[in-house]
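Below is one structure; the comments refer to it alone.
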Amino acid sequence: RSGKMAKSTQLINNEVFQAYATYTAIVLLKMMLMSLVTAYLRMTRKAFMNPEDTASFGKGESAKKYLRTDPDVERARRGHLNDLENIVPFAGIGLLYALSGPELSTALMHFRIFAGARILHTFAYLIPLPQPSRGLSWAVGYAVTFSMAYKVLKT
Amino acid sequence: RSGKMAKSTQLINNEVFQAYATYTAIVLLKMMLMSLVTAYLRMTRKAFMNPEDTASFGKGESAKKYLRTDPDVERARRGHLNDLENIVPFAGIGLLYALSGPELSTALMHFRIFAGARILHTFAYLIPLPQPSRGLSWAVGYAVTFSMAYKVLKT
Amino acid sequence: RSGKMAKSTQLINNEVFQAYATYTAIVLLKMMLMSLVTAYLRMTRKAFMNPEDTASFGKGESAKKYLRTDPDVERARRGHLNDLENIVPFAGIGLLYALSGPELSTALMHFRIFAGARILHTFAYLIPLPQPSRGLSWAVGYAVTFSMAYKVLKT
């Protein structure tokens, strides 16, 4: 095992690390897109949180009515927070996993299933799809991260 | 110093990095468990945020009454967010710290105190224990992360 | 290209990685300071979320009145969450970017603009400054992270 592990210190030429980099960049970008979804919904629904954001709608009461919550905006924000709660552990544990010398094919399977599950989760949350689509896609991503953590702690 | 630092580039065989990997995996898993606590409380308290989550309770008004907040669910969610706010900086700064060539014993002390403090913090938040238990356990983890950041920026 | 990339595996002696470590530590510390801002505002505004936090103000109704939300506290909490949503992708994608062999001057430009934009964003949020200061500082940091992700996925 130590032979394989020593090899994996050459981070950049390591195929597993390359795969980690690609899929982590993808899911982090996907998470960032939630900011744009929220911003888009806030502007189309005219639902803001900060008084300074409604200043362009005029002064006083006419602007104050846009300081309100909107169900679709709140839904996008919950999806964003759920991404933080799940993609952050994936990125952290995935880095340690990629450095623990896994087989490339096993690692790719973990990364791809996670990325696919989180993309499905976003569609299930935003459309929204009937349950258990959101619950299942969440659970699949969660299980992948646990499986990687098990490998890290065993090593 | 540069001799010690060069050695630490052999990430995987480095004992400090191994310790970092172990304790970071532990606190990230602990953070992930907050999702299960929240999900368990939502189901036992019947308190949901999304209409599609209450569809199995029937249609119309009979399901709508479960779209509500519950103090215990909100408490678990605040604990989860507090984990994100504190464990994310630990994981990021801890990685840089582990690569900055600290003594193994010093590094282990940082990692262990942080992990212990965050586990205490979770019990203090969920039970809940009277203050200042939650405040103190939060402050200890915070101070450990600052101490590691000081070492990183000095190096 | 592969020559430059091989060199960058010597993490610690790598100037780009050193720059990444410095600026990531700075923005993570800045994010952590939001906890202190929130705690300070909760105590001066006497606005708490957990009953155990108000126990020192006496029992029953006299303490219960401090279980309330305050606009300034909520503003600091939104700023903190916005940091999480933006600084986490920067730290993750920035690490992969630093390992992808960028020019030092280009990398420094990315890291410095991001750090500056996020510090401005915090002032714009907390003071608050009139829009579009907060929106623009957010967008600049967002664009920097996208630019780094583009380099990572191209490599």
Side-chain angles (χ1 to χ4, degrees), chain A residues 6-14 17-39 42-43 48-57 59 63 67 69 76-95 98-99, chain C residues 1-11 14 17 71-72 74-75 77-79 81-101 124-135 138-139 141-155:
Chain A
K7 254 176 40 194
S8 73
T9 57
Q10 294 187 301
L11 279 187
I12 302 304
N13 299 320
N14 184 293
F17 191 82
Q18 294 275 16
Y20 167 75
T22 304
Y23 286 98
T24 298
I26 289 171
V27 291
L28 287 175
L29 286 173
K30 191 222 79 55
M31 185 168 90
M32 288 175 70
L33 286 178
M34 299 304 286
S35 297
L36 295 185
V37 172
T38 303
R42 281 205 185 286
M43 280 186 274
F48 299 91
M49 296 284 260
N50 301 294
E52 67 269 26
D53 301 352
T54 63
S56 59
F57 300 119
K59 285 195 174 180
L67 287 176
T69 57
R77 293 181 69 214
R78 287 197 297 276
H80 201 165
L81 186 57
N82 194 282
D83 271 355
L84 271 172
E85 293 170 354
N86 288 278
I87 291 175
V88 164
F90 169 81
I93 290 171
L95 175 65
L99 298 174
Chain C
R1 180 162 295 280
S2 74
K4 187 182 291 174
M5 292 176 72
K7 253 174 41 193
S8 73
T9 57
Q10 295 186 301
L11 280 187
N14 184 292
F17 192 81
D72 292 332
E74 296 308 306
R75 179 177 283 279
R77 293 180 70 213
R78 288 197 296 277
L81 187 57
N82 194 283
D83 271 355
L84 271 172
E85 292 170 355
N86 289 278
I87 291 175
V88 165
F90 169 82
I93 290 171
L95 174 66
L96 305 173
Y97 170 75
L99 298 174
S100 75
Y125 218 146
L126 292 182
I127 293 178
L129 299 177
Q131 287 282 29
S133 2
R134 196 181 89 237
W138 170 83
Y142 198 85
V144 167
T145 309
F146 252 90
S147 164
M148 296 193 305
Y150 176 76
K151 172 79 165 64
V152 168
L153 291 176
K154 215 181 57 177
T155 313

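Throughout, protein chains are lettered first and strands after them, A, B, ... in sequence-line order, and every chain is numbered starting at 1. Only a predicted model underlies this, so the values are computations on that prediction, with no experimental measurement involved. Note: hydrogens, waters and symmetry copies are ignored here, and every other heavy atom, side chains too, is used.
Ranked by heavy-atom pairs under 4.5 Å with chain C, the first of A/Met49, A/Met31, A/Met34 is A/Met49. Heavy-atom pairs under 4.5 Å with chain C were tallied for A/Asp53, A/Thr24, A/Val88; the largest tally goes to A/Asp53. Looking only at heavy-atom pairs under 4.5 Å with chain A, the residue among C/Gly92, C/Pro71, C/Pro128 that has the most is C/Pro128.
Proximity to chain C (any heavy atom under 4.5 Å) is shown, for A/Ala91, by neither the backbone nor the side chain. Residue A/Leu81 touches chain C through its side chain alone, counting heavy-atom pairs closer than 4.5 Å. With a 4.5 angstrom heavy-atom cutoff, C/Leu129 touches chain A only via backbone atoms. Neither the backbone nor the side chain of C/Tyr97 comes within contact range of chain A; no heavy atom of the residue lies under 4.5 Å from a heavy atom of that chain. Contact annotation for A/Ala55: neither backbone nor side-chain heavy atoms come within less than 4.5 Å of a heavy atom of chain C.
Annotation: the span from A/Leu28 atom CG to C/Ile93 atom CD1 amounts to 5.0 Å, rounded to 0.5 Å. Here the straight-line distance linking atom OG1 of A/Thr38 with atom CD of C/Glu85 works out to 7.0 Å at 0.5 Å rounding.
Of all non-hydrogen atoms in A/Leu33 and C/Phe146, the two that sit nearest each other are CD2-CZ, 4.4 Å. Of all heavy-atom pairs spanning C/Leu96 and A/Ala21, the tightest one is CD1-O, 3.5 Å. C/Tyr125 approaches A/Asn50 most closely through the heavy-atom pair OH-ND2, 3.1 Å.
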Given A/Leu29 and C/Leu153, is the side-chain contact (heavy atoms from CB on, under 4.5 Å) satisfied, shown in steps?
CA-CA 11 Å; A/Leu29 286 173; C/Leu153 291 176; 3.9 Å; yes

